[in-house]
Amino acid sequence: MTGGILDYDEMVGNRGIIIDDAGDMIKTYGQYEATVGDNVQIETDEGEMLSFRVMATVDWEDRLYGGYFIFVPEDLLHTIKTNTTNFNSLLAFNTGLEDISQTNEMVYEICGASPDLDIRGIVEAASFFKQGLKEYKKRIYAIAVFIGIFALINLSNTLMTSFVARQQELGVLRSVGLSDKQLAKMLRAEAFHYVLVTMAVTLIVGTAAGYIFCRIFRQVGVFGEMQYTFPLLPVFVFFAALVAIALGYSVLTIRYCKKFSLAEYCKMVI
């Protein structure tokens, strides 16, 4: 026991329950950390929400199931499952992954019509975890999109700041004979140089970081067995955006430079 009391009569009198969340399943997927004294709502089989008090938290390691447990005193079970008369029997079926659907169908076909049986399958449990993972994926994708947009804005700012700061340099080059064609080629090459460096850093650092994070999460067991897969589509979209920025920068800066005559560039230098 990690905290609280295990007195049966006191639990019945206070409508108490015991929670075993040693694997942090409720904390991770339900965003709730069990604390002694909390009042939690449990839905009955008739859809009514009843309040129960957490009387104790435990960590019973010797168990077949690695998830969480909510223990309710036997005298209170009928308040939650009013249509259930037998709480003492448990029949578990183990089957291969390839036979899950067929096994589910057989069990529900045989026992599904009985009001005295409570049937739960791994498919329902998997759907619960999938929903939790979807929420995490949305947050991770949102962070990734934010970082990607910030990187694109930062690249655009770097290119434009560099161009503005080099007005005199460009004036000097024009005054000593740099043609418009050569200037356009130089600006385009500089823009794609920035893009290529960004692509290289993204591929090397990003791929290494993604692989390392997957290994860490797999060891911790937060998301189960994780395998790293290279995010081809997001990387392609990000690289396409980088190329678009480079092209846009080169076109805009070249047009801007053509607005000034050689005499005007000479005045900038002076």
Determine the minimum heavy-atom distance between [X] and [Y], stating which atoms define it.
{"X": "Ala191", "Y": "Leu159", "value": "CA-CD2, 4.2 Å"}
{"X": "Tyr8", "Y": "Glu74", "value": "OH-N, 3.3 Å"}
{"X": "Ser51", "Y": "Arg15", "value": "O-CD, 2.8 Å"}
{"X": "Gly16", "Y": "Pro73", "value": "O-CD, 3.1 Å"}
{"X": "Phe238", "Y": "Gly148", "value": "CE1-O, 3.8 Å"}
{"X": "Met55", "Y": "Val36", "value": "O-CG1, 3.8 Å"}

Measure the spacing between [atom1] of [X] and [atom2] of [Y] and express it to the nearest 0.5 Å.
{"X": "Met11", "Y": "Leu76", "atom1": "CE", "atom2": "CG", "value": "8.0 Å"}
{"X": "Asn14", "Y": "Asn39", "atom1": "CG", "atom2": "CG", "value": "10.0 Å"}
{"X": "Phe71", "Y": "Leu6", "atom1": "CZ", "atom2": "CG", "value": "10.5 Å"}

Does [X] belong to the same Ile/Leu/Val/Met/Phe/Trp/Tyr cluster as [Y], with side-chain heavy atoms less than 4.5 Å apart forming each link?
{"X": "Leu247", "Y": "Leu152", "answer": "yes"}
{"X": "Met160", "Y": "Ile245", "answer": "yes"}
{"X": "Ile147", "Y": "Val195", "answer": "no"}

Compare all side-chain heavy atoms of [X] with those of [Y] and state whether any distance is below 4.5 angstrom.
{"X": "Phe239", "Y": "Leu203", "result": "yes"}
{"X": "Phe52", "Y": "Ile70", "result": "no"}
{"X": "Leu242", "Y": "Met199", "result": "yes"}
{"X": "Tyr141", "Y": "Ile143", "result": "no"}

Please check: side-chain N/O of [X] versus main-chain N/O of [Y], any donor-acceptor pairing under 3.5 Å?
{"X": "Thr44", "Y": "Glu48", "value": "yes"}
{"X": "Thr35", "Y": "Glu33", "value": "yes"}
{"X": "Thr207", "Y": "Ile204", "value": "no"}

A quick test of your reading: do over 12 heavy atoms of other residues, nucleotides or ligands sit less than 6.0 Å from CD of Gln41? yes
Side chains of Tyr32 and Asp21, donor plus acceptor under 3.5 Å: no
